[in-house]
Amino acid sequence: MSDSAAAPARKVEFEDPHAGLGNLQEAEVTRVRTLRGFWRWALVAATAATILLCINQQFSLRFFIGYTQLNTEYFYLLIALMLPFTFLIFPGTGTAPLNRIPWYDLVLSAATFGASIWLMLNVRKAAQFGWESDGAPQNVIVAGLVMWAMLMEALRRTGGWSLLLSVLPFTVYPMFAEAKWLGPFRGSQLTLDQTTAYHVLSGESLLGIPIQAFADTVIGFLVFGTALMMTGAGKFFINLAFALCGTFRGGAAKVCIFASGLLGMMSGSIISNVLTAGTMTIPVMKKSGFRASYAGAIEACASTGAVLAPPVMGATAFVIAQFLNISYAEVAVAAIIPAALYYIGLFMQVDSYAARHGLKGIPRAELPRVMDTIKAGWYYVFVIALLIVMLLYFKRESHAPFYATALLLVLNQVFSKDTRWTLATIAKFLEVNGRTFVELVGILAGCGLLIGAFSMTGVVSSLANDLLTLAGDNAFLLLAMCAFTSLILGLGLTTTACYIFLAILVAPALEKLGLNRMAVHMFIFYWGMLSSITPPVAIASFAAAGIAGSPAMKTGWESMWVGSIIYFIPFFFVLNPALVLQGPTPYLAGLGLMALAAFGTLFICGGIQGYQAFVGDLRGTGALEWPLRVLLVIGGFVIATPGGGIMPLSQMQVTLLGLAILAPTVLIALVQVRRQALVPNVS
C-alpha cells in the first residue's frame, strides 16, 4: 500500500470566524477610523458607563444615591456618551484622514456632548413646565438647534447621503406644514422654536421610540451577541453546522444556510454575518462545485435571515416592539414561522440545485464529529436556552441578555482554556460594543425626528384615509403599494430607517382595513430588508461577491433567484396572521399553514431550479421542461397561499386548486422523466 493510500483523510479546520472581530454593522458604511491612544480608552470608558447605566436603569440598582433618574435624563446621558464618537469614528468625507482625527471633528464631537448635557440638565424642568409645547428658554432652544444639526450630520456619516436626504426634509416639514402644495401632507404648522423644542424635549421625537428601544433592550442584546462571539461561539456554530449538514447532497451550501442562521441569531446584522460566516463557507462551497456567483448568492440570502431569526434579531425588531407597545418576546415569537419558512425554502433551493448539477456532500472523514463539537461548546446551547426561557416564560426581555451574558462569561472562564478573557479582552469587548452603540445611536436618534415631525403636525390619520381612498379600500392593492414603496426606500435606507418611515406613513392605513397589526408591521419590516439582496443596491450580495470573487451584479441577480421565497412570505402572513402566531388558535393554525407553505415551497423550488424532489431532473421531460417548471411554481405558490380572511377563497378551496394544478403536472413530469431514463436500456 502506498503512503498516500495509507494516509488518513485530512480534516478541514474551521477556525473562529470572529477572531478578528470588527464592528457589527447596521448601516453599510465601511470607511471608519480605528481609534487609538486616548480616544480608544475614552470610547472604552464611555461604553462601560453606557452598559452600567443600562443595568442601573433596568434593574433599578439606584447608582445615583438619593436621586431618581427620569427616563428622558437617562436617554440623554446615553446620547451624551455615545453620539459624540460618531464624528471621531466616521470620517466626514471620502478624503478625510483615517489615521488621525481632524480638528473640526473634535469641535463637532464637543458641541454634541455639550448640547446633550445641557438638554439633559433641563429636560426635568421641560417635563415640569411643558416646554416641549411652548415657552422653552432661549438657551435650551439654542442647545436644541445644535443637537438637531449634529443629529443630521451623524445620520449622514452613519447612513450616507441617501438617509440624510430622506430624513432632513421631514424634520423641518412642521415649519411649512400648512403649505398648499403639500396636499395630503398638510398639517398643523409650528414655528422654528416650537419645532426645535418638540424635537429635543418631547418623548415623541429624538427621545422617542427608536432611542427608547435602544436604551431598554438593544444594548443588552448587543452585549450578549458580542460576548458570544468573543467566547468562540462562532467557531462552535460553524463546526456544528458542518458536522450536521456537511455530508448531505450540496452539503457545503446547506452548511452555509445553517451556520449563517445560527451566527445571525447572535449578531442580528446582515453585513457582519456575510463578512464572518462567508469567509468560512464560500470557499468550501466553491471547492464543492458551486460556481462563485451562486456560492455568494447563497451566503447573501442565508445572512439576510440574520435579522429575521429569533432569539436575537436586528435592531428593527426592538423598534417594532416599541411601536406596537408589546414585549420584544412577542415579536421574536411572531418571527419564528416566517424565519423557519425562509430557511426551509433556502434548503430546498440548494437541494434541487445540487441534485440537478450532481453536487455531492463533503466526505465525513473531512468533517468535525458532532459529539466532539458539542462537548467543546455545550455551554453555548445552555446559555441560549436560558435566554429563550427568560424571554418566553419569565417575560423579562430587558433582564434576559444580561443574565445570559453573565452565565456565559462564568462558564467560559471555567470550562474554556482557549477563549478565557483577560483585561485586554475586556477592553476589546467594550471597544467593539462601543463602535456598534455609536453607529446605532447615530441612526436611531436621527430617525426618531421622523416620528416627531408627523406626531406634532397630526398628519398621520388624514394620510391613512388618503391612502385608503387612493387604493379604493382594496387591501391587495395597498399591500402591493406598500411592498413597492418599502423596496424602493430600502434601496437607500437602512432596514430600521425604512421601517420607521412606513410604520408612520403606511401601517395606519393597512390597520384601518382590519389587517392584523403584528402582521402589518412584520410585512413592512420584511420588505424593507429585502433590498439587501435586491439589485441595484444588494449590499449583502455585493459583500458576498467580494469574498467569492464573482461579478457583483450577477451575484445580486442570483441572490434574488435563490431567495425568491422571501418575496412571497410577507404576503402569506398578512393574508393569515396565524403564520405570525396571531389569532384565536395561533399555534395549531400556524403549524398547519406552515406545513402547507413548506409543501408548496417544495414545488416552487423544484420549478425554479429544474429538479423536482421525488420526480427527478426536469431536463428529462424534453420540450415540456419549461411549461412544467412554470406550472410547478404556480401550483406550489397556490398551495402555499393561505385562504380565508381577505382572500375570496377558503383554505380548502385554495388547497384543492393548488392540488388540481400540481397533480397532473407532477404526473406528466414523472412519466416523462421515467420514459427518458428507460431510453438507453431500450436501445
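For clarity, every value in this text was computed on a predicted model and none was experimentally measured.
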Trainee: Using modelled atom types and a 3.5 Å cut-off, is there a donor and acceptor pairing between side-chain atoms of Thr419 and backbone atoms of Thr231?
Mentor: yes
Trainee: How far apart are the closest heavy atoms of Val580 and Pro338, and which atoms are they?
Mentor: CG1-CG, 3.9 Å
Trainee: Would you say the side chain of Val562 lies within less than 4.5 Å of the side chain of Leu346, judging by non-hydrogen atoms?
Mentor: yes
Trainee: Write down the atom of Tyr526, the atom of Pro570, and the distance for their closest heavy-atom approach.
Mentor: CB-CG, 3.6 Å
Trainee: Looking at Ala295, is its backbone amide N or carbonyl O close enough to the side chain of Lys286 to form a donor-acceptor pair, meaning the two atoms are under 3.5 Å apart?
Mentor: no
Trainee: Judged by atom type as modelled, is there a donor-acceptor pair below 3.5 Å linking the side chain of Thr276 to the main-chain atoms of Asn273?
Mentor: yes
Trainee: Can you name the closest pair of heavy atoms from Pro627 and Leu624 and give their distance?
Mentor: CD-O, 3.3 Å
Trainee: Quick check for you: to the nearest 0.5 Å, what is the distance between Thr316 atom OG1 and Met529 atom CE?
Mentor: 9.5 Å
Trainee: So Val350 and Arg249, side chain to side chain contact (heavy atoms under 4.5 Å, CB included) or not? Walk me through it.
Mentor: CA-CA 9 Å; Val350 164; Arg249 177 169 64 193; over 6 Å; no
Trainee: Taking atom CE of Met280 and atom CZ of Phe237, what is their separation to the nearest 0.5 Å?
Mentor: 14.0 Å
Trainee: Do Pro311 and Leu391 have side chains that approach each other closer than 4.5 Å (heavy atoms only, starting at C-beta)?
Mentor: yes
Trainee: Please give me the minimum heavy-atom distance between Gly278 and Pro283, naming the atom from each residue.
Mentor: O-CD, 3.5 Å
Trainee: Could you go through the side chain to side chain contact (heavy atoms under 4.5 Å, CB included) check for Val638 and Ile661 one step at a time?
Mentor: CA-CA 9 Å; Val638 172; Ile661 298 169; 4.3 Å; yes
Trainee: So, taking the atom named CD in Gln609 and the one named CZ in Arg629, what distance separates them when rounded to the nearest 0.5 Å?
Mentor: 7.5 Å
Trainee: Looking only at non-hydrogen atoms, find the nearest pair between Thr555 and Ala297 and report the distance.
Mentor: CG2-N, 3.7 Å
Trainee: What closest approach, in Å, do Gly220 and Pro401 show between heavy atoms, and which atom pair accounts for it?
Mentor: O-CB, 3.3 Å
Trainee: Taking Ser352 for the side chain and Gln349 for the main chain, is one N or O donor matched with an acceptor at less than 3.5 Å?
Mentor: no
Trainee: Could you tell me whether Glu366 and Lys360 have a side-chain N and a carboxylate O separated by less than 4.0 Å?
Mentor: no
Trainee: Could you walk me through whether Asn239 and Thr373 pass the side-chain hydrogen bond (donor to acceptor under 3.5 Å, both in side chains) check?
Mentor: CA-CA 7 Å; Asn239 279 311; Thr373 303; 5.5 Å; no
Trainee: In Å, rounded to the nearest 0.5 Å, how long is the span from OG1 of Thr665 to CZ of Phe603?
Mentor: 9.5 Å
Trainee: Check whether Arg619 reaches the backbone of Arg356 with its side chain - one donor and one acceptor, N or O, closer than 3.5 Å.
Mentor: yes
Trainee: Got a second to check how far Asp351's CG is from Tyr353's OH, nearest 0.5 Å?
Mentor: 13.5 Å
Trainee: Kindly indicate whether the side chain of Pro210, heavy atoms from C-beta on, has any atom under 4.5 Å from the side chain of Thr496.
Mentor: no
Trainee: If we check ring-ring contact (aromatic ring centres under 6.0 Å, His included) with Phe523, which of these qualifies: Phe571, Phe572, Tyr499, Tyr567?
Mentor: Phe571
Trainee: Side chains of Leu222 and Leu440: does their closest heavy-atom pair fall under 4.5 Å?
Mentor: yes
Trainee: Yes or no on side chain to side chain contact (heavy atoms under 4.5 Å, CB included) for Phe573 and Ile337, after CA distance, side-chain angles and deciding distance?
Mentor: CA-CA 9 Å; Phe573 58 65; Ile337 290 179; over 6 Å; no
Trainee: Please answer whether the main-chain N or O of Cys605 pairs with a side-chain N or O of Tyr611 as donor and acceptor at a distance below 3.5 Å.
Mentor: no
Trainee: Distance-only, no hydrogens or angles: does the Lys254 side chain make a donor-acceptor pair with backbone N or O of Phe347 under 3.5 Å?
Mentor: no
Trainee: Nearest 0.5 Å, please: how far is CD in Glu299 from OH in Tyr294?
Mentor: 13.5 Å
Trainee: Ile238 versus Leu263: any side-chain heavy-atom pair under 4.5 Å?
Mentor: yes
Trainee: If you define the side chain from C-beta out and look only at heavy atoms, does anything of Leu579 sit under 4.5 Å from Leu341?
Mentor: yes
Trainee: Sub-3.5 Å donor-acceptor pair from the side chain of Thr93 to the main-chain atoms of Ala96, do we have one?
Mentor: yes
Trainee: Can you tell if the side chain of Arg435 reaches within under 4.5 Å of the side chain of Val32, non-hydrogen atoms only?
Mentor: yes
Trainee: Is Arg33 close to Phe90 at the side-chain level, that is, under 4.5 Å between some pair of heavy atoms?
Mentor: no
Trainee: Decide side chain to side chain contact (heavy atoms under 4.5 Å, CB included) for Leu262 and Phe236; before the verdict, give the C-alpha distance in whole Å, the side-chain angles of both, and the deciding distance to 0.1 Å.
Mentor: CA-CA 10 Å; Leu262 289 173; Phe236 168 71; over 6 Å; no
